[in-house]
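Worksheet: one structure, shown below.
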Amino acid sequence: MTVMEQRGAYRPTPPPAWQPRTDPVPLLPDADPYRVLGTEAAARTAPELLLRLYAQLVRGRRYNVQATALTKQGRLAVYPSSTGQEACEVAAALVLEERDWLFPSYRDTLAAVARGVDPVEALTLLRGDWHTGYDPHEHRVAPLCTPLATQLPHAVGLAHAARLKGDDVVALAMVGDGGTSEGDFHEALNFAAVWQAPVVFLVQNNGFAISVPLAKQTAAPSLAHKAVGYGMPGRLVDGNDAAAVHEVLGEAVRTARAGGGPTLVEAVTYRIDAHTNADDATRYRGDAEVETWREHDPILLLERELTARGLLDEETRQSARDAAETMAADLRARMNQDAALDPMDLFDHVYAEPTPQLREQRALLRAELEAEEEGAR
Amino acid sequence: MTVMEQRGAYRPTPPPAWQPRTDPVPLLPDADPYRVLGTEAAARTAPELLLRLYAQLVRGRRYNVQATALTKQGRLAVYPSSTGQEACEVAAALVLEERDWLFPSYRDTLAAVARGVDPVEALTLLRGDWHTGYDPHEHRVAPLCTPLATQLPHAVGLAHAARLKGDDVVALAMVGDGGTSEGDFHEALNFAAVWQAPVVFLVQNNGFAISVPLAKQTAAPSLAHKAVGYGMPGRLVDGNDAAAVHEVLGEAVRTARAGGGPTLVEAVTYRIDAHTNADDATRYRGDAEVETWREHDPILLLERELTARGLLDEETRQSARDAAETMAADLRARMNQDAALDPMDLFDHVYAEPTPQLREQRALLRAELEAEEEGAR
Amino acid sequence: MTTVAVKPATMAQALTRALRDAMAADPTVHVLGEDVGTLGGVFRVTDGLAAEFGEDRCTDTPLAEAGILGTAVGMAMYGLRPVVEMQFDAFAYPAFEQLISHVARMRNRTRGSMPLPITVRVPYGGGIGGVEHHSDSSEAYYMATPGLHVVTPATVADAYGLLRAAIASDDPVVVLEPKRLYWSKDTWNPEDPPGVEPIGRAVVRRTGRSATLITYGPSVPVCLEAAEAAQAEGWDLEVVDLRSLVPFDDETVCASVRRTGRAVVVHESGSFAGPGGEIAARVTERCFHHLEAPVLRVAGFDIPYPPPMLERHHLPGVDRVLDAVARLQWEAGN
Amino acid sequence: MTTVAVKPATMAQALTRALRDAMAADPTVHVLGEDVGTLGGVFRVTDGLAAEFGEDRCTDTPLAEAGILGTAVGMAMYGLRPVVEMQFDAFAYPAFEQLISHVARMRNRTRGSMPLPITVRVPYGGGIGGVEHHSDSSEAYYMATPGLHVVTPATVADAYGLLRAAIASDDPVVVLEPKRLYWSKDTWNPEDPPGVEPIGRAVVRRTGRSATLITYGPSVPVCLEAAEAAQAEGWDLEVVDLRSLVPFDDETVCASVRRTGRAVVVHESGSFAGPGGEIAARVTERCFHHLEAPVLRVAGFDIPYPPPMLERHHLPGVDRVLDAVARLQWEAGN
Ligand SMILES: Cc1ncc(C[n+]2csc(CCOP(=O)(O)OP(=O)(O)O)c2C)c(N)n1
Ligand SMILES: Cc1ncc(C[n+]2csc(CCOP(=O)(O)OP(=O)(O)O)c2C)c(N)n1
Ligand SMILES: [Mg+2]
Ligand SMILES: [Mg+2]
């Protein structure tokens, strides 16, 4: 049986047998975002997982703060912070197996780091020494993607290819609320559903696309409601509740791995910082809104839960903080070294073999640089 | 209050006030396509409307048959027939007021004709003497659109512009089942819903996109289910039931006109002929399927209803047939005359004023043609 | 006569002023794009327009470039004059089908009965330390698409004049705004902004007799600087700023080259199949026997735009221009 | 040695054979596109592949070109070699962002660690009576995009050889298939199809001493016919078939032009900012002192592609080529 034949989709067979094959009701998200922390569902979550999430959240916040500081020191060209969104970033990374693939957007360096990518390599694009700093195959993390939503069909294609090869690999793709308006979002979700590809789409609805609030982006009951139009389940989750995001994504990953097809997850969260360090958020939102969200901080929520369950002693706190500081110190130190640059890189990777035209241009630049060096001597 | 402020859409206000603003349930289509003919709902439909639809269906069928014949005689470069889909074509045209706009695809010449466009002018694109044969402003019919789904944002923009100007104009845009997979479909519906633009989207689900059946196009419960993802109502209708299509579209048009925003209507129908005269449908579907659909023919359905209600006498039949024959004879005669061609048209409409470069090229062709004529003498 | 304040303005401010004046003069002018409303655009070019004219005139759209341009088509069909902002060059690519298959063709398709007076503003080019996808020079794509006008200012005054002309045009115009000149300044009189520039006219920015530098947009200042430096080497260079890539001003360009007998085309866009090929070819066709040397090209390399730390190697600078001038076979005569 | 049947095949059949042989030789080769499976493509180029290799190897996709190319990127990331069919030239435009921003750049972006061996087949050009959007010559867009190879066959054998080479390439290759040559025939031996052609090599289709016609794809037969006709006028024309637009074979082209001293570039694509500008410019740069006349261009007009009944006026034909040859300033010498 081919993959094509395994799919279930409605056909408009002649009347009167018009009934849709899929019941839409199970595809629809709940009205309220799913929460775990502070609810009865929390009891189901293993303490080890909560503590692991906690350590990663603390480290993730420190990473965001450090990266933002590096922009002020001119060590990063730009940084789109995920402060406030660490629960999504971290859960997306932790929920995957080693053989799975992560497709991050420009905002998701933290997810890449949480999956094991060296922070310095994750930040290469934003430092500006090259477009991607890591080998995507090493940790199975696709290059950070800047053109919005264009990474989504890549994730679908990769997941589909893995399935065709018989590998039980899942792809998890991250996109913002604004990105859901792009045509590529639509095409990717449709391909995924038709192919029943093992993909999980994680929309981080952080309320804004740069300055544009969600209300100008969509009139939908929720972004998760888009799922039913592709015949896949949509799930709405509190994006600041790390345990809830982990659980919902985990379920989606398991379904995908088992051949059950894709899921669309909307995680409702908030971008605490400006769009990037270059953005001035005061132009489009008030402090009060930010403050309300600070009270719903993902670390705070988790600490409250851990404390209530007696899982958070000072030692645990301190060890998380220490690990975060070690990471930050290392990042700071290494980012303060100048990046190693080779201008010949400009020509050497455009094609497997440079074209005759590129060889000429390479020679020109090499000669210019040699003359420059000559002059400098 | 600006148009932007009138929209209703959910915002992710800080927890715990997460409730979606829109209740998704009223947006969802029924499980079964809505039918009128042969049901109790038929009683609600005025006999005049049924008879008007009937005359147009008969004329429309004749038009399809004639146009197809013209391809065999080499008088049309290509013809994508709407045989079997006349109920949708005709209802789409009749449901609009004069000031409204119709946005047809390449398959919808019949809708243009039913709205008043001269059949010869409607067929210009397919005859091959020019890209559009009619002035779009005359009957407020946009040029037939070939790149799939690209006409949908046009319809949204026009409807939005009309609303901004204070005109109560509605745009009705037609697209196929295959076209719903394109990114432009998604972007158009989203813009329409966010702007609450007075647009009606009519998807003619005729089972195929050339050779590709719906099951390879989507895994959704129905195409109408896509609506909820934009926050607009989706309606599923029997596309061969002219009264049902007219009623559902009419409601959508009224809602749009009243400021209630867009609606997505999926009309389930069937393409009886091949994709175009150049296509060989036997390569991808069996006769049996086509035969089943012939029994659900839109003219048949309407005749059955009219007969049951004693509204169809031989005179009515004959007068519909006569009108159709007159149209066909006129179309045949005029299409058998060679099209008037002016090669200078190639240069004269690229810009308001031809560029110096085009003036040069125009002079070159003019000189060539004069030399040709010279030689022919 | 009263004395008027003449004060410096940036190119970005001139563009804002052009939009504002156009919107004030013509209620059918509508601005739409990502972040153009409340934020005033990521380059602040639409700053204040939503406040002054309302959100219906300057609208933050959903994030979808084909949708933005596609709805602009429909708005133009109904008699509006949409001015669309693409946030960055590479983010105009999703709108290419709408641009190529509709915007450029609707007038022709309808034998003139449905013109589309749409302005598409595209911040383009590099030199601002932008990360990938934020520094493309995409003019070759637009130039190869019949039905579009393509203009690009190099001065504060032209930014105003060309944008006004684009908005006033009954045809679609792609306005390529050189990002690295957004903050370039010039004095102007805000009470009496410069006139509307006609589309299709190049201008000689510096007269000279030795050779002609044919250039546009972000490379104009580079060429002017090169011309100054060349004087020391004994070359008196003429600099032609094309301003309009489509239509192309053969007259001005060829008059200059016939006078000087030598030419170098300078642009930031890649060389292969870039604007320079067309320009060199047409100048050569028209001025062959006036040429002492082949028309040379100084352009970006044929590579994806480099990361910030390497872009200086890519961008044609004064030295590369001077090297090309040196290769114009001076031994051969003149 | 046994004698083998040598029978005529069309270009379309040669392409089918190339796909089939590539799929048989390499299980990672996957074909995807609209109608490529059950129907075998609207030009029947993928005929029989789904039946032979299964629907997972030759897949009818949903109708969305960005989705097709975008998923192909993901498939290539996982080690497959996708061959994508765009149904017609103009219907490749929705996939431009994926093509320009990802397909062309992924290898470079990742310093070689993530190459994308994707083949994009695009039926292009006119002359088949197609209605609007079915006859575009879009090669200028592809040529101006660094990171892509661009090839286009003019013969049945090259159709096979270039498509095999494209699929075998570790880099993305756009294969422009001239629609009006799909049914052109040549004899070949189906037991022993022609070899894989290297990408980047032009070929001299006809030797001559008076002038060089530089051309490719659908215009090759036109130029060969023109060369025959020119003989009557006393011109002995050389015809160079580029086959590969990127990389460009400067060596073969310039060797020819240096020999003949005169050149005309012939293509169906629009002239302004089209391939001919690049070709004329680079030939002139390299062969200036060998040229007796400027390199001339014979190309489509700079207009949206005409409707079927008017396309003959647009397409460069034998007469227009001969007219250009006549303008090569023969009085000047040789
Ligand atoms: C195709 C495209 N258009 C525009 C942009 C410019 N841009 C970068 S981020 C951004 C907003 C994205 O918002 P969202 O998807 O919500 O993600 P967030 O930044 O909030 O994480 C925009 C418009 C882009 N990167 N790609
Ligand atoms: C963007 C684009 N891609 C491909 C095509 C080629 N094409 C023409 S019609 C068609 C099938 C359309 O199917 P559907 O939308 O269901 O409409 P129908 O023909 O059934 O009315 C295809 C693939 C096109 N016209 N435009
Ligand atoms: Mg966001
Ligand atoms: Mg269909």
Side-chain angles (χ1 to χ4, degrees), chain A residues 4 7-16 18-24 27-28 31-33 177 180-187 190 193-194 196 205-207 213-223 225-232 236 238 240 261 268-270 289 292-293 295-296, chain B residues 4 7-16 18-24 27-28 31-33 35 177 181-187 190 193-194 196 205-207 213-223 225-232 236 238 240 261 268-270 289 292-293 295-296:
Chain A
M4 295 305 302
R7 289 170 307 87
Y10 93 117
R11 287 171 192 274
T13 43
W18 262 320
Q19 296 80 292
R21 275 215 218 148
T22 319
D23 176 4
L27 306 179
L28 294 170
D32 287 322
D177 47 309
T180 65
S181 296
E182 290 280 6
D184 275 22
F185 171 87
H186 176 69
E187 301 188 10
N190 191 42
V194 169
Q196 288 287 290
N205 172 3
N206 64 2
L214 192 71
K216 291 185 185 179
Q217 201 67 250
T218 183
S222 82
L223 296 170
H225 275 86
K226 293 181 183 288
V228 67
Y230 307 102
M232 70 173 78
L236 191 59
D238 180 345
N240 287 12
V268 183
T269 178
Y270 195 79
E289 182 178 312
T292 333
W293 276 93
E295 284 157 30
H296 196 65
Chain B
M4 295 305 303
R7 289 169 309 87
Y10 92 115
R11 286 171 193 270
T13 43
W18 262 321
Q19 297 81 289
R21 277 217 216 149
T22 320
D23 177 4
L27 306 179
L28 293 170
D32 287 320
R35 302 179 64 170
D177 46 309
S181 296
E182 291 280 6
D184 275 22
F185 171 87
H186 176 68
E187 300 187 11
N190 190 44
V194 170
Q196 288 287 292
N205 171 4
N206 64 3
L214 192 69
K216 290 185 185 178
Q217 201 68 249
T218 183
S222 82
L223 295 170
H225 275 86
K226 292 181 183 290
V228 68
Y230 306 102
M232 70 172 77
L236 191 59
D238 179 346
N240 287 12
V268 183
T269 179
Y270 194 79
E289 181 178 313
T292 334
W293 276 93
E295 284 158 30
H296 196 65

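Letters A, B, ... are given to chains in the order of the sequence lines, protein chains preceding strands, and every chain is numbered from 1.
Proximity of a side-chain donor or acceptor of B:His186 to a complementary backbone N or O of A:Thr180 within less than 3.5 Å is detected.
Between A:Val228 and B:Pro24, the closest side-chain pair of non-hydrogen atoms is not below 4.5 Å. Contact check for B:Asn190 versus A:Lys226: side-chain heavy atoms found under the 4.5 Å cut-off.
At a 4.5 Å heavy-atom cutoff, B:Glu295 makes no contact with chain A through either its backbone or its side chain.
Considering every non-hydrogen atom in both B:Ala193 and A:Ala219, the closest pair reads O-CB, 3.8 Å.
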